[in-house]
There are 2 protein chains.
Amino acid sequence: MRSYDQYCSVAKSLDVVGDRWTLLVVRELLLQGGSRYTDLLSGLPGISTNLLGDRLRQLEANGLVRREHAPPPVATTLYHLTEVGQELDSVIRALVRFGTRYMADPTSDDEQFRGHWLALPVSELLHDTDPDGPPAVIEIQTGGRPVFVELAAGVVRTTFSAPRDPDLILTGSGQLVLGVLTGQLELTVARGLGLEDEGSAAPLKRLRYDGPRATGIDTAIAKGIPA
Amino acid sequence: MRSYDQYCSVAKSLDVVGDRWTLLVVRELLLQGGSRYTDLLSGLPGISTNLLGDRLRQLEANGLVRREHAPPPVATTLYHLTEVGQELDSVIRALVRFGTRYMADPTSDDEQFRGHWLALPVSELLHDTDPDGPPAVIEIQTGGRPVFVELAAGVVRTTFSAPRDPDLILTGSGQLVLGVLTGQLELTVARGLGLEDEGSAAPLKRLRYDGPRATGIDTAIAKGIPA
DNA sequence: CGGCATCCTCTTTGATACTG
DNA sequence: CAGTATCAAAGAGGATGCCG
């Protein structure tokens with residue numbers, strides 16, 4: 001990217017991460033940790049292979065990404081965020097907070113989705129209102145690998161392997177699951193729109209959402225669903 | 001910008017503000033409030049007139065900017081951030097926090113600077129360590145209109161008109177001033193590099209900087225200054 | 001299959017000129 | 001002042017080929 005040539009903190013940041021796809025590469029590395037080239041490709045649907053290579057090279061040149069030639073058991077290159085790169089998590093979190101308002105909009109037909117992306121709004125915008133309650137786990141099935149939402153000690157975290165047997169399993173589109181988790185979509189309404197749930201709904205009642213609210217999320221979602 | 005077509009909060013944000021120049025337009029509107037087209041042009045050195053027009057139209061279409069046809073005393077169009085647009089301040093602040101690490105680097109010859117940009121790192125990264133002390137004001141002269149840094153009740157704010165007579169006036173490049181304010185550059189060293197100061201240095205000692213630290217800022221700056 | 005490099009087409013940007 | 005019109009150059013996207 002051409003530099004903005006401005007002596008300004010924001011412009012300097014954007015000189016480094018303002019290129020198309022760059023922050024999404026950082027998103028993947030923050031979510032997934034050390035990743036192989038093809039892991040990144042599959043977590044970044046729509047990027048072309050040459051662009052991913054370009055971006056990784058730029059990020060490395062700027063000291064945000066480190067490549068590591070893993071020894072025989074893996075026998076491939078792993079890309080990691082450096083400490084400086086990790087500091088972009090505050091930028092990503094701010095973008096999550098802002099962008100979640102658009103998650104209620106009707107989705108286009110060819111919109112891609114990866115379950116692990118849900119970890120961003122879940123861990124940034126959801127809180128456990130019952131810090132003294134017993135730990136609870138919700139399993140999310142949106143196609144692909146499941147994601148686990150864990151409520152414990154007032155904090156909501158996400159993991160990619162089951163921390164214990166889930167209290168609740170939600171199966172359906174990312175949009176339905178997110179609507180129910182954020183409390184913007186009643187479980188009964190979500191069922192009508194295609195969500196399947198198995199187990200206790202109690203953990204849902206413990207969640208508090210403090211992100212941007214969308215009105216009429218149910219009708220918005222319904223509009224996106226073929227009748 | 002072409003959409004990323006990903007059902008992800010970050011991608012959705014970037015669909016709206018990920019275009020080149022877009023976040024810098026937001027920066028100007030956050031810093032300056034309602035602005036005329038030409039105010040924006042002068043606060044965004046390097047942008048071309050057609051791109052500014054494009055970006056304003058997009059921001060308006062996305063509900064982040066509102067145009068207001070001001071009545072006779074002004075007799076021109078003013079651009080404002082909407083409430084949704086204002087919420088981008090957390091994104092801007094995160095970018096400020098990240099990007100300030102690069103402010104110590106040697107600046108290129110044709111790098112542009114506007115004094116009001118300093119308000120970003122100052123109000124985001126500086127704190128007043130003496131909340132019970134008397135209010136203090138530092139006037140910053142970097143060419144163009146002066147900027148005033150006000151320490152009061154534990155908070156550091158910036159204004160564009162003098163809240164009272166300044167206790168200290170700093171005159172010099174943005175980089176020297178910022179180095180001194182953040183405590184990364186000793187005042188005596190800064191004087192040797194061309195900074196002029198008038199008044200009491202006491203307010204500087206009250207400031208605490210909690211942003212990213214650059215090592216060797218003095219030699220870095222010296223390298224950028226023609227001998 | 002992982003990790004690129006190349007070629008080609010299409011879109012976006014940037015510089016400048018121009019108009020109400 | 002507040003933009004629109006024009007056009008060359010850069011960058012993005014897509015397909016494909018290469019090499020361990």
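A donor and an acceptor atom, one from each side chain of A:Gln141 and A:Glu139, are located under 3.5 Å apart. In this model, no donor atom of one side chain and acceptor atom of the other lie less than 3.5 Å apart for B:Trp117 and B:Gln112. Between the side chains of A:Gln175 and A:Ser173, no donor-acceptor pair of N or O atoms lies under 3.5 Å. If you check the side chains of A:Thr158 and A:Ser123, you find no donor sitting under 3.5 Å from an acceptor.
In the set C:dG2, C:dG3, D:dC1, the nucleotide with an atom closest to the side chain of A:Thr38 is C:dG2.
An OP1 or OP2 oxygen of D:dA12 is reached within less than 4.0 angstrom by no side-chain nitrogen or oxygen of B:Tyr4. Phosphate contact (OP1/OP2 of C:dC4, side-chain N/O of A:Tyr79, threshold under 4.0 Å): present. Of the side-chain N and O atoms in A:Arg67, one or more sit less than 4.0 angstrom from OP1 or OP2 of C:dC4.
In this structure, A:Arg36 places its CZ atom 10 Å from C1' of C:dC1, rounding to the nearest Å. Protein atom CG of A:Leu40 is 16 Å distant from nucleotide atom C1' of C:dC1, rounded to whole Å. Going from atom NE2 of B:His69 over to atom C1' of D:dG3 covers 12 Å, rounded to whole Å. The distance from atom CE of B:Met1 to atom C1' of D:dA12 is 10 Å, rounded to the nearest whole Å. Rounded to an integer number of Å, the gap from B:Leu78 CG to D:dC1 P is 14 Å. The distance from atom OH of A:Tyr37 to atom P of D:dG20 is 18 Å, rounded to the nearest whole Å.
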Which letter, B, S or -, goes with each nucleotide of nucleotides 13-20 of chain C from 5' to 3', with contact meaning a protein heavy atom under 4.0 Å? SBBBB---
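The overall bend of the helix from C:dC1-D:dG20 to C:dG20-D:dC1, read as the angle between its terminal helix axes built from five base pairs each, is 30° when rounded to 10 degrees.
Taking CG of B:Leu81 as the start and CD of B:Gln32 as the end, the distance is 11.5 Å to the nearest 0.5 Å. In this structure, CG on B:Leu126 lies 8.5 Å from CG on B:Asp210, to the nearest 0.5 angstrom. Within the model, atoms CZ of A:Arg20 and OH of B:Tyr4 stand 4.5 Å from one another, a figure rounded to the nearest 0.5 Å. Rounding to the nearest 0.5 angstrom, the gap separating the CG atom in B:Leu181 from the OH atom in B:Tyr209 is 11.0 Å.
The 12-atom threshold is exceeded at CD of A:Gln86, counting heavy atoms of other residues, nucleotides or ligands nearer than 6.0 Å.
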